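Every value quoted in this text rests on a predicted model; they were computed, and no experiment measured them. Indexing begins at 1, ligand by ligand and atom by atom, following the structure's order. We use all heavy atoms of the structure for the numbers below, so side chains are in, but hydrogens, waters and symmetry mates are not.
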Amino acid sequence: MTEQLERLNRLPLRDDLRGLTPYGAPQLEVPILLNVNENTHGLPEQVRKAIVASVEQAVAGLNRYPDREFTELRERLAGYLGHGLTPENIWAGNGSNEVLQHILQAFGGPGRTAMSFPPTYSMYPLLASGTGTRYVTGVRSDDFTLTPESAAEQVREQAPNIVFLCTPNNPTGTALSLEVVKAVYEAGEASSSIVVVDEAYGEFFHAGTPSALELLPGRERLIVSRTMSKAFALAGARVGYMAAAPEVTDALRLVRLPYHLSAITQATASAALEHADALLANVEAIKIQRDRIVAELQELGLKPAPSDANFVFFGGLEDPHALWEGLLEAGVLVRDVGIPGHLRVTAGTEPETSAFLARLRELLAAGIR
Ligand SMILES: *Cc1c(COP(=O)(O)O)cnc(C)c1O
């Protein structure tokens, strides 16, 4: 045990936090960062300027607390999402991670259960443990898909208070059909389960794949969560949001810290949303690189999972760690999500994707796979 861990263990830490490790995707300084599904294109110049102007205005009022209800931001988010949503349907936080935490604080907690279907987003169990919520898991098919029948049966069996359905799923890229969401919602009727559809990568769906936003009318236990961290290229600003029935957002007001969204954050996000089209302009370019990675990995004899996100999860590896290191030696950082025989790579710009694929080919030729 490290000295630091021993010192931590001497603290009067909650028993259920003992022995846990914090979220920790490596933050290394390398030229090509394809490990945490950021938008590697960066912000277009016009959007940067608009954000700076908006923040400058906000700075003039920094002696005052910000608008606790982030009214303008909720209006803009409702407008962006469409589907007849109004500001009363919208909630936001410092990243969708905070929104998910609010959901667990309001609907989970001691004596309650949250459920998801691994392999899925690694933050669900961490957010559950942070809020004292028991975390249970369901199973997917071998190809990471989930049928409505299987998902519904598992939810009926476990009767969780909260179900997380991640689509497109991180780390596999798998999209769920709306039939799965509907079936899980109906199966959660008896246990009055809150169903959270995490669409952090929703903008990257293949054309024609519908969003669960369509299902919101008449379903007061359904929440659709989104983020500005991925498609909007704003991971550093920390803005996530969700849409749900107004009574759900009222429930979250009970647990949020007062003034949780700073004036700087609100100004940044509002200015960015005013330029949503320019910000989303690179989404199609990223989708092209994503589809290219899937096709080329297949040609190389690897096993990429079909992806609706801005990343590709691939298997068929004997020594993923050696491959991860070989890529890093060439300045390309990808993600080892701890699933045997697999790695995950973010679809970057065309040159970044080419550099990743070229190095991968070299390593495979050298017998590393
Ligand atoms: C990146 C990601 C998020 C969002 O994180 P932020 O806190 O908004 O940066 C949420 N869910 C999944 C599945 C993600 O991959």
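With sequence neighbours excluded, no residue satisfies ring-ring contact (aromatic ring centres under 6.0 Å, His included) with Tyr135.
With 3.5 Å as the limit, one finds no donor-acceptor pair spanning the side chains of Asn169 and Thr167.
Remark: Glu203 does not engage Lys230 in a salt bridge, criterion side-chain N to carboxylate O under 4.0 Å.
Between Tyr80 and Phe232, the ring-plane angle classifies as perpendicular under the 30° and 60° cut-offs. A perpendicular orientation is assigned to the rings of His260 and His102, their planes being inclined by more than 60° (bins at 30° and 60°).
Arg221 forms a cation-pi arrangement with Tyr185, by the criterion of a distance under 6.0 Å to the ring centre and an angle within 45° of the ring axis.
When heavy-atom distances to ligand 1 are checked against 4.0 Å, the residues falling inside are Gly95, Ser96, Asn97, Tyr121, Cys166, Asn170, Asp198, Ala200, Tyr201, Thr227, Ser229, Lys230, Arg238, ordered by chain and number.
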